[in-house]
There are 2 protein chains.
Amino acid sequence: MGVKRKTKSVELMLETFGQSKNALTVVDLVKRFEGKMNKTTVYRVLERLEDEGKLHSFTGKDGLKWVAKCHGCISSNHTDDHPHFQCNDCGISQCLSLDISIPKVANHKIESANFLFFGQCEQCLNSYSE
Amino acid sequence: MGVKRKTKSVELMLETFGQSKNALTVVDLVKRFEGKMNKTTVYRVLERLEDEGKLHSFTGKDGLKWVAKCHGCISSNHTDDHPHFQCNDCGISQCLSLDISIPKVANHKIESANFLFFGQCEQCLNSYSE
DNA sequence: TTTGTTAATGCACCTAAGTTGCATTATATT
DNA sequence: AATATAATGCAACTTAGGTGCATTAACAAA
């Protein structure tokens, strides 16, 4: 690959995430762009935007790949280990702007971490009291 | 399903984990038992042993399912959130007997968590200095 | 504006993890 | 030994994700 080109697919993908902290599964993105963007293109655009540090991804409990456009991340690069949250009720997933210290582990050198929290999101919590 | 029966598959599976804290991928287990136990049986035996609380599982970064026979776990049930470690060099994965406190997150109710650490294991660290 | 280069895309096909339905086998009970 | 049913094997399926290659679209140079 040589010089990157600006394409509609790339713009469309970034617009989709907008300013939201919510993550989306790749499967969902493929469905969303049905007719507009090929499945393969979705995967390749995501790969590119990850390489460029504009998106980041993580693996959910179900093994599915989730993607997000984390804005409030603490570190500047997208390899930082901010936690992600998944709602057990509605299934939404989002980035948490939260710094978790990685503990020392005897006889191990820890380089990175994945944190995944499960529970109820704000919306679902509120819907109980209505 | 009615009354559970003792079977060779179940014993064989538990023996495989022995007293080790190491986790194994289901894919690896299927390969290991090739000729002795069917792929479907592997999945079903694992499901059963998880239900019985004798094994527990987690999803790796690659989306593969890992299984372990965690002995040194802090809590008695197998839904506790002890962290898992995966070596970036040799790929082994293991349970960590380590208690990580789940932070409070504003407007969220957190019920459970997954912690996954990456780095170098003891063996790989030692092999550098040889 | 047109032309040439090549990055980006679409498409068809593939790979592999995990699941399901059903016939067969093995275990336990009487 | 006969019976009931849990456990297993097998084949076929589902689906996330990837690959090779022909076609299209973006951009630079003329």
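Keep in mind that this is a model prediction, so the values were computed, not measured. The chains referred to below are lettered A, B, ... by the order of the sequence lines, with proteins before strands, and numbering in each begins at 1.
- A:Thr59 places a side-chain N or O within 3.5 Å of a backbone atom of B:Lys61 that can act as its donor or acceptor partner.
- Note that B:Lys65 lies outside the cation-pi zone of B:Phe58, set by a 6.0 Å cut-off to the ring centre and a 45° limit from the axis.
- Here B:Asn38 pairs with B:Thr40 under the side-chain hydrogen bond (donor to acceptor under 3.5 Å, both in side chains) rule; sequence neighbours left out.
- Taking atom CG on B:Asp28 and atom P on C:dA16, their separation rounds to 16 Å, with Å as the unit.
- A:Lys65 has its NZ atom 11 Å from the C1' atom of D:dG18, to the nearest Å.
- B:Val45 comes within contact range of the sugar-phosphate backbone alone, with a heavy-atom separation under 4.0 Å but no base atom that close.
- The side chain of B:Thr7 places no N or O atom within less than 4.0 Å of a non-bridging phosphate oxygen (OP1 or OP2) of D:dA6.
- Side-chain contact check for A:Met13 versus A:Val42: some heavy-atom pair is nearer than 4.5 Å.
- Summarising the geometry, the separation between NZ on A:Lys4 and P on C:dT6 is reported as 16 Å, rounded to the nearest angstrom.
- No hydrogens or angles were tested; on distance alone, a donor-acceptor pair under 3.5 Å links the side chain of A:Lys39 to the base of D:dG17.
- Going from atom NZ of B:Lys31 over to atom C1' of C:dA17 covers 11 Å, rounded to whole Å.
- Each of B:Val42 and B:Arg5 was matched to the nucleotide of DNA chain D holding its nearest heavy atom; the match closer to the 5' end belongs to B:Arg5.
- Atom-to-atom, CZ of A:Arg44 to P of D:dG20 comes out at 11 Å; the value is rounded to the nearest Å.
- A straight line from CG of A:Leu64 to P of D:dG18 spans 13 Å, rounded to a whole angstrom.
- Regarding A:Glu11, its CD atom lies at a distance of 16 Å from the P atom of D:dA25, rounded to whole Å.
- One finds a side-chain N or O of B:Ser9 lying less than 4.0 angstrom from the OP1 or OP2 phosphate oxygen of D:dT8.
- Listed pair A:Tyr43 / D:dG18 fails the phosphate criterion, with no side-chain N or O lying under 4.0 Å from OP1 or OP2.
- Regarding contacts with the backbone of C:dG10, a side-chain N or O of A:Thr41 is found under 4.0 angstrom from either OP1 or OP2.
- The side chain of A:Thr40 places no N or O atom within less than 4.0 Å of a non-bridging phosphate oxygen (OP1 or OP2) of D:dG17.
- Rounding to whole angstrom units, CZ of residue A:Phe33 and P of C:dG10 are separated by 11 Å.
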Next item on the list: Could you go through the side chain to side chain contact (heavy atoms under 4.5 Å, CB included) check for B:Leu96 and B:His84 one step at a time?
Entry: CA-CA 6 Å; B:Leu96 296 178; B:His84 292 95; over 6 Å; no
